[in-house]
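Below is one structure, written out as structure tokens; the observations come after it.
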Amino acid sequence: MMSLKKITQPLELSQMDHALIHQHHAQVSALHQNGGTTSPGSTESLGDDGCSKTNLIVNYLPQTMTQEEIKALFSSIGEVESCKLIRDKPTGLTASTTVSGQSLGYGFVNYKNPSDAEKAINTLNGLRLQNKTIKVSLARPSCESIKGANLYISGLPKSLTQLDLEKLFSSCGQIITSRILYDQNTGLSKGVGFIRFDQRNEAERAIQKLNGTIPEGATEPITVKFANSPSSNKNALPTLALASYLSPTRRFLGPIHHPSSGRFRYSPLESSLLGSTTLLPSSTATPNTAISGAGWCIFVYNLAPETEENVLWQLFGPFGAVQSVKVIRDFQTQKCKGFGFVTMTNYDEALMAIQSLNGFALGNRVLQVSFKTNKMKMM
DNA sequence: CGACGGGACGC
DNA sequence: CGACGGGACGC
């Protein structure tokens with residue numbers, strides 16, 4: 001139940017044509033348009049071998065769309081010379097349950113004729129397909145200097161608009177895309193946004209110039225830094241991969257490399273407690289033992305409301321002997337209150353579980369796992 | 001936007 | 001803390 005979001009219906013070609021006919025006038029924000037697909041200068045006529053006028057990059061493609069479907073769609077405009085959907089590497093590796101070859105959501109379409117490429121931009125850019133609005137623009141000549149040019153900006157005033165954001169950054173270079181994140185429910189700005197520049201050095205310039213500065217009319221400084229690269233994936237261990245990744249036959253695991261561990265980590269343990277592996281659970285001496293004195297009680301925080309006991313068994317079982325698990329629920333709703341407890345027999349195994357599972361991305365939540373503290377109601 | 005339960009020995 | 005429509009340069 002935790003990872004159903006990937007299930008979408010494959011797109012039929014007939015549906016696509018249909019969509020094409022009825023929605024080819026889909027609105028695209030002016031901002032996106034000025035996002036810089038048109039080069040500022042004169043280089044229009046370099047057609048032959050310089051900047052290609054036939055090669056398009058298509059972004060925000062629906063996950064399920066295949067290269068063949070893309071080609072079919074774009075062939076409705078004119079003759080397509082080549083078409084490539086970019087997919088992630090077919091890593092046969094263990095951890096990534098993301099089956100090899102998933103679409104990365106963008107691709108390239110190269111037309112025979114520049115006029116068709118232009119027509120494709122005019123008619124297909126902004127086309128809505130499934131849950132996505134695709135973007136069609138001229139591909140820039142591929143080169144190293146355009147990579148890693150995406151910035152993450154936080155601390156923005158809630159009133160700052162996308163246009164304001166672009167104005168703020170436009171002096172640093174050519175903006176390819178910009179975005180401000182809004183809360184889905186309230187519609188209010190999250191004070192966080194992205195700017196993708198044409199060139200990486202433009203992005204560096206923007207960091208130099210704007211990081212820590214206070215926008216006009218604002219009171220707080222903004223943070224400008226490089227956005228996380230898509231490869232440093234946040235939910236590298238997809239929800240249901242747990243059972244398979246944390247194979248029950250393996251009692252001890254090497255350190256699990258959490259995506260951005262440092263940031264999410266929060267360990268209540270002091271190094272002194274970690275020193276020895278020969279500690280025995282004792283009912284009174286240390287603050288982190290289970291009440292009963294037999295076993296080590298672990299506090300697990302940031303569980304989803306639907307969480308059930310079996311999730312905890314699956315999470316902790318691979319690390320050793322688990323005596324009991326408990327999901328704490330609200331009495332009324334019977335929904336998990338966001339935390340639970342796991343009691344393990346052996347200190348070493350409990351420690352290993354904590355070290356491995358603290359910071360672990362379970363679905364869209366990052367777990368915080370530590371020895372239970374003693375809320376001394378009584379002594 | 002959020003943080004540590006529930007049970008009940010029979011002295 | 002904060003991370004996008006998951007994924008903008010050929011995976």
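- Taking atom NZ of residue A:Lys372 and atom C1' of nucleotide B:dG7, one finds them 13 Å apart after rounding to whole Å.
- Straight-line distance from the NZ atom of A:Lys132 to the C1' atom of C:dG5: 5 Å, rounded to whole Å.
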query = Yes or no on side chain to side chain contact (heavy atoms under 4.5 Å, CB included) for A:Phe197 and A:Ile195, after CA distance, side-chain angles and deciding distance?
reply = CA-CA 6 Å; A:Phe197 279 104; A:Ile195 291 275; 3.6 Å; yes
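- Atom CG in A:Asp183 sits about 11 Å away from atom P in C:dG5, given to the nearest Å.
- When rounded to the nearest whole Å, the span between CG of A:Asn364 and C1' of C:dG5 equals 16 Å.
- For B:dC11, the O4'-C1' to base torsion is more than 90° from 0; the nucleotide is therefore anti.
- Proximity note for A:Gln63 (side chain, C-beta onward) versus C:dG7, C:dG5, C:dC9: the nearest is C:dG7.
- Residues A:Tyr182 and A:Leu160 share a closest heavy-atom pair of OH-O, 4.3 Å.
- Counting non-hydrogen atoms under 4.0 angstrom, A:Tyr152 reaches a base of the nucleic acid.
- Residue pairs meeting the salt bridge (Lys or Arg N to Asp or Glu O under 4.0 Å) criterion with at least one member in residues 111-120 of chain A, sequence neighbours excluded, are A:Glu79-A:Lys112, A:Glu81-A:Lys112.
- The side chain of A:Lys326 has B:dG5 as its nearest neighbour among B:dG5, C:dC9, C:dG5.
- Across all strands, A:Asn150 comes closer than 4.0 Å to base atoms (heavy-atom distances).
- Taking only distance into account, the side chain of A:Asn55 meets the base of C:dG10 through a donor-acceptor pair shorter than 3.5 Å.
- Distances shorter than 4.0 Å separate some side-chain N or O of A:Lys84 from OP1 or OP2 on C:dC11.
- Residue A:Leu181 is classed as a sugar-phosphate contact, given heavy-atom separations below 4.0 Å to backbone atoms only.
- In this structure, A:Asp164 has no salt bridge (charged side-chain N to carboxylate O under 4.0 Å, His left out) partners at least two apart in sequence or on a different chain.
- C:dC1 and C:dG5 have their P atoms separated by 23 Å, with the value rounded to a whole Å.
- Using a 4.0 Å cut-off, no side-chain N or O of A:Arg179 falls inside it from OP1 or OP2 of C:dC4.
- Only the P atoms considered, C:dC11 is 23 Å distant from C:dG6, to the nearest whole Å.
- With sequence neighbours excluded, no residue forms a salt bridge (charged side-chain N to carboxylate O under 4.0 Å, His left out) with A:Arg365.
- For DNA chain B, no neighbouring residue in residues 103-117 of chain A is found when judged by any heavy atom under 4.0 Å.
- Taking only side-chain nitrogens and oxygens, A:Arg140 never comes nearer than 4.0 Å to OP1 or OP2 of C:dA8.
- Glycosidic torsion of C:dC9 falls outside 90° of 0, placing the base in anti.
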Could you go through residues 210-217 of chain A and list every donor-acceptor pair under 3.5 Å that involves a side-chain atom there, pairing it with any protein atom two or more places apart or in another chain?
residue  : atom : partner  : partner atom : Å
A:Asn211 : OD1  : A:Val224 : N            : 3.0
A:Thr213 : OG1  : A:Leu210 : O            : 2.6

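- In this structure, A:Phe371 has its ring center at least 6.0 angstrom away from the ring center of A:Phe299.
- Separation of the C1' atoms belonging to C:dC4 and C:dA8 is 13 Å when rounded to the nearest angstrom.
- Proximity of A:Lys147 to the phosphate of C:dG10: a side-chain N or O atom is located under 4.0 Å from OP1 or OP2.
- Considering only residues two or more places apart in sequence or on other chains, A:Phe108 meets the ring-ring contact (aromatic ring centres under 6.0 Å, His included) condition with none of them.
- DNA chain C is contacted by A:Phe194 of residues 186-194 of chain A, taking any non-hydrogen atom closer than 4.0 Å.
- For C:dG10, one of the phosphate oxygens OP1 or OP2 lies less than 4.0 angstrom from a side-chain nitrogen or oxygen of A:Ser142.
- When the C1' atom of C:dG6 is taken as reference, atom CD1 of A:Ile86 falls 16 Å away, rounded to whole Å.
- Residue A:Leu188 shares its hydrophobic cluster (ILVMFWY side chains chained together at separations under 4.5 Å) with no other residue.
- For A:Tyr152, the ring-ring contact (aromatic ring centres under 6.0 Å, His included) partners at least two apart in sequence or on another chain are A:Phe194.
- Regarding A:Asp330, its CG atom lies at a distance of 13 Å from the C1' atom of B:dG5, rounded to whole Å.
- Once the 5.5 Å centre distance and the 30° plane angle are applied, the aromatic ring of A:Phe339 is found not to be stacked with the base of B:dA3.
- We find that NZ of A:Lys225 is positioned 14 Å from C1' of C:dC4, with the value rounded to whole Å.
- Counting to the nearest Å, the P atom of C:dG5 and the CZ atom of A:Arg196 are 14 Å from each other.
- Looking at every heavy atom in both residues, A:Gln67 comes nearest to A:Arg87 through N-NH2, 4.3 Å.
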